[in-house]
Amino acid sequence: MQASVTVDIDAAPERVWAVMTNVEAWPQWTASVTEVKRLDTGRFDVGSRVRIRQPKLPPAVWTVDQVVSGESFTWVTGLPGFRSTARHRIERSDGGSRVTLAVEQRGVIGEVFARLTAEMTERYLGLEAAGLKRRSEEPRPQSA
(Lines give C-alpha, C1' and ligand atoms only; values in the text may rest on other atoms or scores of the structure.)
Protein backbone atom coordinates (compact mmCIF):
# COMPACT_ATOMS: atom_id res chain seq x y z
CA MET A 1 0.00 0.00 0.00
CA GLN A 2 1.25 3.48 -0.87
CA ALA A 3 0.35 7.06 0.00
CA SER A 4 1.81 10.20 -1.54
CA VAL A 5 1.45 13.97 -1.68
CA THR A 6 2.83 16.56 -4.10
CA VAL A 7 3.38 20.24 -3.28
CA ASP A 8 4.63 23.21 -5.28
CA ILE A 9 7.20 25.33 -3.44
CA ASP A 10 8.28 28.86 -4.35
CA ALA A 11 11.95 28.14 -3.71
CA ALA A 12 14.82 26.78 -5.76
CA PRO A 13 15.39 23.02 -5.58
CA GLU A 14 18.76 23.68 -3.91
CA ARG A 15 17.01 25.47 -1.03
CA VAL A 16 14.38 22.74 -0.68
CA TRP A 17 17.11 20.05 -0.74
CA ALA A 18 19.00 21.84 2.05
CA VAL A 19 15.87 21.98 4.22
CA MET A 20 14.78 18.42 3.43
CA THR A 21 18.16 16.81 4.13
CA ASN A 22 18.72 18.68 7.41
CA VAL A 23 16.66 15.91 8.99
CA GLU A 24 17.42 16.78 12.62
CA ALA A 25 15.60 20.11 12.10
CA TRP A 26 12.36 18.46 10.92
CA PRO A 27 10.62 18.78 14.33
CA GLN A 28 10.97 22.57 13.96
CA TRP A 29 8.77 22.67 10.87
CA THR A 30 6.45 19.64 10.88
CA ALA A 31 4.12 18.40 13.61
CA SER A 32 4.35 14.89 12.11
CA VAL A 33 7.79 14.43 13.70
CA THR A 34 8.62 15.02 17.37
CA GLU A 35 12.29 13.98 17.40
CA VAL A 36 14.98 13.10 14.86
CA LYS A 37 18.46 11.93 15.75
CA ARG A 38 21.22 11.10 13.29
CA LEU A 39 22.93 7.89 14.37
CA ASP A 40 26.07 8.68 12.39
CA THR A 41 28.13 11.70 11.38
CA GLY A 42 29.15 13.19 8.10
CA ARG A 43 27.24 13.84 4.94
CA PHE A 44 23.63 12.68 4.66
CA ASP A 45 24.05 9.89 2.11
CA VAL A 46 23.47 6.19 1.39
CA GLY A 47 23.94 4.29 4.64
CA SER A 48 23.03 7.23 6.89
CA ARG A 49 20.84 6.11 9.80
CA VAL A 50 18.26 8.24 11.58
CA ARG A 51 15.99 7.50 14.56
CA ILE A 52 12.61 9.20 14.19
CA ARG A 53 9.86 9.61 16.76
CA GLN A 54 6.38 10.47 15.52
CA PRO A 55 3.15 10.98 17.45
CA LYS A 56 1.16 7.74 17.91
CA LEU A 57 3.95 5.59 16.38
CA PRO A 58 6.85 3.67 17.93
CA PRO A 59 10.33 5.09 17.28
CA ALA A 60 11.86 3.81 14.05
CA VAL A 61 15.38 3.71 12.65
CA TRP A 62 15.45 4.68 8.98
CA THR A 63 18.42 3.86 6.72
CA VAL A 64 19.05 5.86 3.55
CA ASP A 65 19.31 3.44 0.63
CA GLN A 66 19.25 5.79 -2.38
CA VAL A 67 20.37 9.37 -2.95
CA VAL A 68 20.45 11.49 -6.08
CA SER A 69 22.10 14.60 -4.67
CA GLY A 70 19.90 17.65 -4.97
CA GLU A 71 16.96 15.62 -6.32
CA SER A 72 15.83 12.70 -4.18
CA PHE A 73 16.46 10.33 -1.34
CA THR A 74 14.81 7.14 -0.20
CA TRP A 75 15.06 5.53 3.18
CA VAL A 76 13.70 2.31 4.65
CA THR A 77 12.77 0.87 8.02
CA GLY A 78 11.30 -2.45 9.01
CA LEU A 79 10.97 -5.58 11.04
CA PRO A 80 10.20 -9.15 10.00
CA GLY A 81 6.89 -8.98 8.10
CA PHE A 82 7.05 -5.21 7.79
CA ARG A 83 8.99 -2.88 5.52
CA SER A 84 8.31 0.81 5.07
CA THR A 85 9.94 2.84 2.30
CA ALA A 86 9.74 6.64 2.16
CA ARG A 87 10.65 8.59 -0.96
CA HIS A 88 11.42 12.32 -1.10
CA ARG A 89 11.72 13.80 -4.61
CA ILE A 90 12.31 17.38 -5.82
CA GLU A 91 11.76 18.49 -9.41
CA ARG A 92 12.49 21.94 -10.82
CA SER A 93 9.27 23.69 -11.86
CA ASP A 94 8.33 27.12 -13.17
CA GLY A 95 9.57 29.53 -10.55
CA GLY A 96 10.49 26.93 -7.97
CA SER A 97 10.17 23.28 -7.09
CA ARG A 98 7.65 20.47 -7.07
CA VAL A 99 8.12 17.97 -4.24
CA THR A 100 6.59 14.52 -4.00
CA LEU A 101 6.63 12.65 -0.70
CA ALA A 102 5.57 9.00 -0.70
CA VAL A 103 5.40 6.15 1.80
CA GLU A 104 4.94 2.50 0.93
CA GLN A 105 4.36 -0.36 3.39
CA ARG A 106 4.95 -3.98 2.45
CA GLY A 107 4.88 -7.36 4.11
CA VAL A 108 2.13 -9.20 5.96
CA ILE A 109 2.26 -6.86 8.95
CA GLY A 110 3.00 -3.84 6.76
CA GLU A 111 -0.18 -4.23 4.75
CA VAL A 112 -2.32 -4.52 7.91
CA PHE A 113 -0.48 -1.56 9.47
CA ALA A 114 -1.02 0.49 6.30
CA ARG A 115 -4.77 -0.12 6.36
CA LEU A 116 -5.04 0.73 10.06
CA THR A 117 -2.99 3.93 9.76
CA ALA A 118 -3.99 5.15 6.27
CA GLU A 119 -5.66 8.37 7.48
CA MET A 120 -2.82 9.19 9.84
CA THR A 121 -0.22 8.50 7.14
CA GLU A 122 -1.96 10.85 4.72
CA ARG A 123 -2.29 13.51 7.43
CA TYR A 124 1.42 13.20 8.33
CA LEU A 125 2.46 13.45 4.66
CA GLY A 126 0.30 16.59 4.34
CA LEU A 127 1.86 18.12 7.48
CA GLU A 128 5.35 17.33 6.19
CA ALA A 129 4.63 18.81 2.75
CA ALA A 130 3.08 21.99 4.20
CA GLY A 131 5.92 22.42 6.69
CA LEU A 132 8.57 21.84 4.03
CA LYS A 133 6.90 24.47 1.85
CA ARG A 134 6.74 27.00 4.71
CA ARG A 135 10.35 26.43 5.81
CA SER A 136 11.76 26.44 2.26
CA GLU A 137 9.95 29.66 1.37
CA GLU A 138 11.06 31.51 4.54
CA PRO A 139 13.52 34.32 3.92
CA ARG A 140 16.99 33.28 5.04
CA PRO A 141 18.75 35.45 7.63
CA GLN A 142 21.16 37.97 6.13
CA SER A 143 24.86 37.49 6.86
CA ALA A 144 26.55 40.21 8.87
Side-chain angles (χ1 to χ4, degrees), residues 1-79 82-107 110-144:
M1 297 193 72
Q2 182 172 319
S4 68
V5 64
T6 299
V7 62
D8 289 318
I9 299 176
D10 291 328
E14 298 79 13
R15 168 67 177 152
V16 178
W17 180 255
V19 172
M20 191 163 48
T21 57
N22 181 10
V23 295
E24 287 185 305
W26 285 19
Q28 297 170 16
W29 52 261
T30 180
S32 66
V33 175
T34 55
E35 182 183 348
V36 178
K37 177 153 179 62
R38 288 273 315 262
L39 301 178
D40 48 49
T41 59
R43 192 170 146 212
F44 184 76
D45 209 341
V46 172
S48 293
R49 295 174 53 240
V50 179
R51 183 176 46 248
I52 298 179
R53 293 181 190 275
Q54 295 183 271
K56 302 181 182 181
L57 294 172
V61 173
W62 293 80
T63 303
V64 177
D65 73 342
Q66 291 181 344
V67 174
V68 176
S69 187
E71 293 181 20
S72 66
F73 76 89
T74 301
W75 55 16
V76 297
T77 190
L79 302 164
F82 176 84
R83 180 177 174 93
S84 188
T85 303
R87 293 177 179 82
H88 308 74
R89 179 167 188 73
I90 305 167
E91 298 174 278
R92 189 170 300 279
S93 66
D94 292 340
S97 305
R98 175 166 286 158
V99 174
T100 301
L101 307 172
V103 176
E104 179 181 21
Q105 280 110 7
R106 292 190 171 261
E111 290 177 16
V112 171
F113 178 81
R115 280 194 290 278
L116 294 173
T117 62
E119 280 184 37
M120 181 176 64
T121 298
E122 289 188 21
R123 187 171 70 251
Y124 284 6
L125 284 172
L127 288 168
E128 186 179 331
L132 179 63
K133 177 178 175 65
R134 256 189 327 275
R135 177 56 67 101
S136 297
E137 291 176 352
E138 285 178 352
R140 289 187 266 186
Q142 298 293 322
S143 311

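Side-chain N or O atoms of D40 include one that pairs as donor or acceptor with a backbone N or O of R49 at under 3.5 Å. The backbone N or O of L57 sits nowhere less than 3.5 Å from a side-chain atom of R53 that would complete a donor-acceptor pair. Y124 contributes a side-chain N or O that, together with a main-chain N or O of P55, makes up a donor-acceptor pair within less than 3.5 Å. Looking at E24, its side chain does come within 3.5 Å of a backbone N or O of R38 through a donor-acceptor pair. Side-chain atoms of Q105 never come within 3.5 Å of backbone atoms of E111 as a donor-acceptor pair (strictly under, hydrogens ignored).
Interatomic distance, L101 CG to T6 OG1, rounded to the nearest 0.5 Å: 7.5 Å. Expressed to the nearest 0.5 Å, how far OG1 of T30 lies from CG of L132 amounts to 9.0 Å. For the atom pair OG1 (T21) and CZ (R43), the distance works out to 9.5 Å, reported to the nearest 0.5 Å. The structure places CG of D10 at 13.0 Å from CZ of R15, a figure rounded to the nearest 0.5 Å.
Here R98 pairs with D8 in a salt bridge; the nearest charged N to carboxylate O distance falls below 4.0 Å. In summary, K37 and E35 do not engage in a salt bridge, as defined by a charged side-chain N under 4.0 Å from a carboxylate O. A salt bridge does not link R135 to E128: none of the charged nitrogens lies less than 4.0 Å from a carboxylate oxygen. In summary, E137 and K133 engage in a salt bridge, as defined by a charged side-chain N under 4.0 Å from a carboxylate O. Between R87 and E104 there is a salt bridge, with a side-chain nitrogen of the basic residue lying less than 4.0 Å from a carboxylate oxygen of the acidic one.
No side-chain heavy atom of S32 sits less than 4.5 Å from a side-chain heavy atom of M120. Contact check for L127 versus L125: no side-chain heavy atoms found under the 4.5 Å cut-off. Residues W17 and P13 have side chains not in contact (no heavy-atom distance under 4.5 Å, counting atoms from C-beta outward). Taking 4.5 Å as the limit, some side-chain heavy atom of V36 sits within range of a side-chain heavy atom of P27.
Partners of T77 by side chain to side chain donor-acceptor pair (under 3.5 Å), not counting sequence neighbours: none found. Applying the ring pair (Phe, Tyr, Trp, His ring centres under 6.0 Å) test to W29 and every residue at least two apart in sequence or in another chain returns W26.
For the pair S84 and V103, the tightest heavy-atom approach, listed with the atom from each and the gap, is OG-CG1, 3.7 Å. The nearest pair of heavy atoms linking V5 to G126 is CG1-N, 4.5 Å. Shortest non-hydrogen contact noted between A11 and S136 is CB-O, 3.5 Å.
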Query raised in the report: Step by step, would you call I90 with E71 a side chain to side chain contact (heavy atoms under 4.5 Å, CB included)?
Result: CA-CA 5 Å; I90 305 167; E71 293 181 20; 5.7 Å; no
Query - Step-by-step side chain to side chain contact (heavy atoms under 4.5 Å, CB included) determination, R83 to V76 - result: CA-CA 7 Å; R83 180 177 174 93; V76 297; 3.3 Å; yes
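Screening R89, M20, Q66 against F73 for a side chain to side chain contact (heavy atoms under 4.5 Å, CB included) leaves a single residue, M20. Each of D65, V46, V50, T85 was scored for a side chain to side chain contact (heavy atoms under 4.5 Å, CB included) with W75, with one residue passing: V50.
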